[in-house]
Structure formats: structure tokens, C-alpha cells
Amino acid sequence: MKLNYKRTLCVGFAFFLICLFWQSYDNTIPLILTNRFGMSQTWSGFIMALDNILALFMLPLFGSISDRCRSRFGRRTPFIVIGTVCAVVAYLALAFVDAGQLSKLKDISAIDDEDALETIYRDQSRETLMTPDGDSFVLSELYTEEEFKAIRSTLTDASGKTSTNPDYTNYVVPARQGAAGAITQASPAGLILFIIILMLVLVSMATFRSPAVALMPDVTIKPLRSKANAIINLMGTAGGISVLALGMIFGTSAVKNSMMSFTTYYGVICGIMILALVLFLLTVREPRFVKEMHEESARFGIKEDADDDAASSGDRRLSGEERKSLIFILISIVLWFFGYNAVTSKYSVYATTILHKDYNLTLIIAQGAAIVSYLPVGIIASKLGRKKTILGGIVILAIAFLGAGFMRAEGSTMVMNVLFALAGIGWATINVNSFPMVVEMCSGADVGKYTGFYYTASMAAQVATPIVSGFLMDKLGMTVLFPYAFVFVAIAFVTMLFVKHGDSRPEAKKGLEALDQDMD
């Protein structure tokens with residue numbers, strides 16, 4: 001019994017392009033909303049939650065619809081193709097709307113420009129503003145106009161080493177955002193158009209996420225799904241790292257580029273998405289792969305519920321204990337996404353304002369650690385079981401967030417990178433095994449529906465957590481982010497203890513068969 005790694009990698013191109021999109025979305029949309037439109041963290045968090053609000057009903061809906069699709073191309077492939085093409089077109093349109101908004105901000109957008117600083121000061125000098133740490137201030141009480149115009153984004157020490165000027169991030173950035181907000185209020189058409197196109201992007205992405213993820217269990221026999229999910233997540237992480245590498249090339253995290261245009265950057269992202277879709281279409285033959293999976297299951301005597309009358313009609317009912325386990329694992333998913341997504345949706349802003357560090361490099365390290373972990377985690381789960389492996393991952397993630405909560409701008413970059421590497425390992429350990437635990441409880445005919453359940457739980461958390469964390473960051477300061485994440489991840493450890501079903505049950509092997517199982 002061996003996993004077909006080549007097939008799984010090919011199937012993973014769909015998840016590659018999905019994660020490529022979401023990494024670029026999470027990194028840039030919060031910056032656009034706060035820097036271009038002058039939104040508070042609370043309102044930015046609400047906009048960031050829109051995709052998850054849509055996903056609450058769209059992911060189960062399209063997962064279920066794809067279960068019943070009878071296209072000659074398969075159940076999932078048509079959704080992946082149409083959804084990707086629509087998302088790419090809308091995402092490119094979003095970039096042009098952003099460029100249009102930047103043109104409205106031309107008088108205040110130039111970095112370290114005295115004329116721009118003068119305009120910002122005259123507009124915001126008497127407004128009550130807030131530093132990233134949550135302290136309120138009035139600009140005219142701290143600086144004269146000439147003093148404010150002299151503030152620069154970087155400082156240079158005697159040795160020539162440059163660093164981000166804390167006065168710039170504490171006072172100039174909030175003042176510029178306030179001025180941007182005033183311009184947006186005076187002419188809201190750009191924001192309205194931006195949100196309309198953003199909704200089109202999000203709807204397009206939501207139509208094919210469940211079908212894309214459901215394709216893996218469609219073509220993989222049950223005992224190998226944790227290993228296959230490790231490969232799928234590896235492909236997704238590769239997509240995320242590609243975006244972060246591009247971010248370093250384009251300098252998206254640099255203070256001097258905080259008002260840069262993302263048009264070229266988005267164009268490259270969309271080009272890679274189309275390339276990944278083409279590779280998927282050239283290598284994946286969904287109907288043949290599904291047929292071979294059923295034949296392999298029959299050869300090994302593995303029961304596929306899709307062959308049963310009840311299962312094929314979607315009528316298989318869970319037992320009381322199975323239902324309890326499903327509820328508790330879905331609650332656990334909600335909790336750890338509450339913690340994790342709060343960090344991922346706000347870290348680009350947090351890193352530039354509190355830590356004064358390059359968020360691209362730190363996130364690359366986290367995802368690189370995840371990539372290294374995926375295959376070992378899949379193997380460990382096949383030996384220890386998925387539940388024990390997930391509990392270990394929760395502990396690692398909680399420790400990483402707890403440690404990160406103590407980090408500030410003067411702290412060691414290396415320590416922060418180590419903590420994010422731990423977070424990447426912990427998240428990989430959780431992510432590889434949680435989805436297979438959910439679909440382990442369903443029939444083959446219901447994989448799309450149960451995939452929808454999984455994503456409904458994760459998206460429910462991602463609806464609320466950007467808003468709640470953003471509100472707390474506005475009220476208590478941005479440094480509340482990591483303690484907030486730690487608390488929810490720690491609670492997930494407790495709820496996961498009540499999950500009793502959905503674990504892997506590897507059958508005992510003997511002789512050469514056991515050796516083959518260990519080496520695949």
C-alpha cells in the first residue's frame with residue numbers, strides 16, 4: 001500500500017494556486033485598507049472577514065454541489081477551472097482600483113517628502129490619533145509643523161546601519177492614514193468600487209475551494225489520506241512561499257514602499273495562478289484517478305462507503321459518539337483558527353509598526369519549517385494516530401505564540417524567526433491531520449459536504465477573529481495580538497481531548513509488506 005506521490009503532487013496544483021492567492025491577499029489587503037483608505041483596524045478586520053462570511057455558506061454549498069456534479073471532466077475539475085479564471089480577472093481589476101485610489105492620495109503618498117508631510121500635518125494636526133501601541137495623541141501637541149516635516153522613515157547610526165524610525169511609525173503613519181481616511185470620506189466611490197470587486201474576487205475563490213480540497217480524498221484510499229494531505233499542504237505552502245519571495249523582491253514590507261502600487265505585483269500573482277491551473281489540467285485526469293482509487297481500495301479490502309446504497313445517496317448517519325467527536329473537532333478547528341488567523345491576517349501590519357521587521361522573511365521561515373514538517377508529520381500520524389499528533393502540534397503552536405507576545409522592535413530578529421519556525425511546525429502538525437479526521441467519518445459520496453463542514457468551522461473563526469482582534473488592537477494596542485492568539489490555541493487543546501473518532505487505524509502488516517509501508 002503506497003501513496004502515489006506524483007499523482008498527489010499534480011492534484012496539489014489546485015491547492016497551490018489557492019494558497020498563492022490567499023497569501024498575497026492576507027499580506028496586501030490590510031495594508032491597502034489602512035494606508036490607502038484610512039480604515040481602523042476594526043473596520044479593516046471586518047473587511048478581511050468578508051471572505052469568511054461568504055465561505056460560511058458557499059463552501060458547504062459548492063462542496064455539496066460538486067458531490068453531485070456528473071461532468072465528463074469529473075466532479076471537481078469544472079469548479080476549479082471556472083473559479084480560478086474568474087478570480088484572476090477580478091483580482092487584476094482590484095489592482096487597478098487600488099492604483100486609482102493612490103492617484104487620489106498623490107499629495108500625501110510620497111514618503112519622506114516635506115510637501116506631503118506638510119499637507120498631512122495641516123489636515124491632521126488637531127485630530128485625536130492613536131499610535132500602534134494604543135496610545136492616543138494630538139499631533140500639534142507633540143510637534144510643530146517644521147518638526148513634523150523633518151521626521152524621516154529611517155534612522156542611520158554612526159556605523160551607517162539603518163533602522164525604522166519609531167517616531168515615523170508612531171506618528172507619521174497614523175497621521176497619513178487619518179488624512180487618507182478624510183479623503184476617502186470626501187470621495188467614497190473608490191472604496192465602494194474596491195469592495196464590490198473584492199466581493200467578486202471572494203465569491204470566485206469560494207466556488208472552488210471545497211471542490212479542490214475534496215479532490216484529494218476522492219483519489220486517495222483512506223489509510224493514506226494523512227500522508228496525501230501532507231503533500232497537498234506542502235504544495236499549498238509552496239504557493240505561500242512563492243508569494244513571500246515575490247514580496248521580498250518587490251519590497252512590499254519596506255516602510256519606504258508602504259504607498260507603492262500593487263498593479264505589477266498582482267499581475268505576477270495572477271500569472272502564476274494561471275500557470276498552476278494549466279499544469280493541473282495537463283496532469284490531472286480526475287475520472288481515471290477516482291476509478292483507480294476504488295480499484296485499489298477493493299484490492300486491499302478497504303470499505304468505500306460510496307459503494308453502499310445509503311452512502312451513495314448521502315444518507316449514512318453518524319452514531320451518537322461519532323457525532324460528538326465531529327462536533328468537538330469542529331469546535332477545536334474554530335478555536336485554533338481563531339488564534340492562527342488573527343496572526344496571519346494582522347501580522348503584515350504588526351511587523352511593520354510594532355516589530356519594525358520584514359514580515360516576508362519571517363513568514364517564509366515559518367512556511368519553510370512547515371514544508372520540512374509535512375511529510376514527517378504524516379508519517380508520525382500513521383504511527384501514533386492523528387489525535388495525539390494534533391495535540392502535540394497545538395502545544396508547539398501555543399508556545400510559539402506565547403513567546404512572540406514578548407517580542408518588540410528591539411528584540412532579536414533571530415529569536416522571532418525561531419518562534420515563527422515553531423509556529424510553522426505546529427500549524428503543519430495540526431493542519432495535516434485535522435481535515436482527514438473530519439472526512440474519515442463520512443461516506444465517499446459525502447466528501448464534498450464534509451469538506452464544507454471543515455471549512456465552515458475554519459471560516460466561522462476567520463469571520464470573527466479579524467474583527468475581534470482588530471477591535472482589541474484598537475482599544476488595547478497592537479501588542480495584544482499574540483496573547484490573544486495563545487489563549488484560543490490553548491483552549492483548543494482542551495476541546496481536542498474529547499474527540500474519540502476520525503483517527504487513523506493502520507492495519508498491522510507483516511514481513512516485506514510492513515517494510516514497504518514504512519518506506520513509502
Side-chain angles (χ1 to χ4, degrees), residues 12-37 44-45 47-52 54-55 83-99 101-102 194-195 197-206 208-209 212 233 235-254 257-277 340-341 343-352 358-368 370-371 424 462 466:
F13 278 117
F15 199 57
F16 173 92
L17 71 87
I18 288 172
C19 292
L20 181 91
F21 168 84
W22 287 115
Q23 187 71 65
S24 67
Y25 179 90
D26 285 341
N27 286 355
T28 58
I29 298 300
L31 296 176
I32 291 173
L33 294 174
T34 55
N35 291 337
R36 268 73 140 164
F37 294 106
S44 170
I47 298 298
M48 291 300 291
L50 285 177
D51 63 304
N52 307 310
L54 286 171
T84 299
V85 172
C86 292
V88 163
V89 172
Y91 207 33
L92 285 172
L94 198 68
F96 286 104
V97 175
D98 171 52
Q101 178 66 16
L102 273 176
F194 185 87
I195 292 176
I197 297 178
L198 186 69
M199 291 292 289
L200 294 176
V201 173
L202 299 178
V203 168
S204 299
M205 292 300 299
F208 73 96
R209 182 160 186 162
N233 278 277
M235 291 291 287
T237 303
I241 286 181
S242 299
V243 171
L244 296 172
L246 284 171
M248 295 182 69
I249 293 170
F250 280 89
T252 56
S253 67
N257 293 331
S258 58
M259 300 297 285
M260 69 180 284
S261 170
F262 288 128
T263 304
T264 303
Y265 174 78
Y266 276 22
V268 174
I269 295 295
C270 290
I272 299 174
M273 288 176 68
I274 291 296
L275 177 60
L277 178 63
Y340 182 78
N341 186 253
V343 173
T344 58
S345 64
K346 296 293 185 182
Y347 187 69
S348 61
V349 177
Y350 186 92
T352 54
D358 183 348
Y359 65 80
N360 287 301
L361 178 59
T362 305
L363 293 175
I364 282 178
I365 290 171
Q367 298 209 24
I371 281 182
Q462 293 175 78

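Basis for what follows: all heavy atoms, side chains included, without hydrogens, waters or symmetry-related copies.
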(request) Could you tell me which residues satisfy side chain to side chain contact (heavy atoms under 4.5 Å, CB included) with Ala276, sequence neighbours excluded, listed by chain and number? (result)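 Result, side chain to side chain contact (heavy atoms under 4.5 Å, CB included) vs Ala276: Phe16, Leu17.
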(message) Quick one, Asn341 and Thr344 - any side-chain contact, counting heavy atoms below 4.5 Å?
(response)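 Yes - at least one pair of side-chain heavy atoms lies under 4.5 Å apart.
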(message) Rounded at 0.5 Å granularity, tell me how far OG1 in Thr237 sits from CZ in Phe15.
(response)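 So the gap between those two atoms works out to 8.0 Å.
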(message) Looking at every heavy atom in both Pro30 and Thr34, which two are closest together, and how far apart are they?
(response)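 The answer is O-OG1, 2.8 Å.
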(message) Under the side chain to side chain donor-acceptor pair (under 3.5 Å) definition, can you give me all pairs with a residue in residues 87-96, not counting sequence neighbours?
(response)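 Those involving residues 87-96 are Ser24-Tyr91.
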(message) With a 4.5 Å cut-off on side-chain heavy atoms, are Phe250 and Asn257 touching?
(response)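 No, too far: nothing below the 4.5 Å cut-off.
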(request) Would you indicate whether the side-chain heavy atoms of Val343 and Tyr350 approach each other to under 4.5 Å? (result)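 No, their side chains stay 4.5 Å or more apart.
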(request) Can you sort out the partners of Ser44 under side chain to side chain donor-acceptor pair (under 3.5 Å), two or more places apart, ordered by chain and number? (result)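 Applying side chain to side chain donor-acceptor pair (under 3.5 Å) to Ser44 gives none.
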(request) Work out which heavy atom in Ile197 is nearest to a heavy atom in Ala90; give both atom names and the distance. (result)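 Ile197 and Ala90 have their closest heavy atoms at CG2-O, 3.3 Å.
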(message) I want to check something: taking the side chain as every heavy atom from C-beta on, are Ile249 and Tyr265 in contact at a cut-off of under 4.5 Å?
(response)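 No; the side chains remain at least 4.5 Å from each other.
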(request) With sequence neighbours excluded, give me every side chain to side chain donor-acceptor pair (under 3.5 Å) pair touching residues 12-23. (result)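 Output for this query lists Gln23-Asn27, Gln23-Gln367.
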(request) First locate atom CE of Met205, then atom OG1 of Thr84, and finally report the distance between them rounded to the nearest 0.5 Å. (result)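 Here the rounded value is 6.5 Å.
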(request) Return the set of residues passing side chain to side chain donor-acceptor pair (under 3.5 Å) with Asp98 (not counting sequence neighbours), or none when no residue passes. (result)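 Expected list: Arg36.
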(request) Of all the heavy-atom pairs spanning Ser261 and Leu102, show the shortest one and how long it is. (result)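 Result for this residue pair: CA-CD1, 3.6 Å.
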(message) Can you tell me how far apart CZ (Phe21) and CD1 (Ile269) are? Round to the nearest 0.5 Å.
(response)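 The distance works out to 10.0 Å.
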(message) With heavy-atom distances below 4.5 Å as the criterion, would you say the side chains of Ile29 and Leu94 are in contact?
(response)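 Of all side-chain heavy-atom pairs linking Leu94 with Ile29, at least one is under 4.5 Å.
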(request) Using a 4.5 Å cut-off on heavy atoms from C-beta on, say whether the side chain of Val88 contacts that of Leu277. (result)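 Of all side-chain heavy-atom pairs linking Val88 with Leu277, none is under 4.5 Å.
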(message) Going by side chain to side chain donor-acceptor pair (under 3.5 Å), name the residues that satisfy it together with Tyr266, two or more places apart in sequence or in a different chain.
(response)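 Applying side chain to side chain donor-acceptor pair (under 3.5 Å) to Tyr266 gives Thr28.
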(message) As an exercise, state the distance from CE of Met199 to CG of Leu54, rounded to the nearest 0.5 Å.
(response)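 The distance works out to 4.5 Å.
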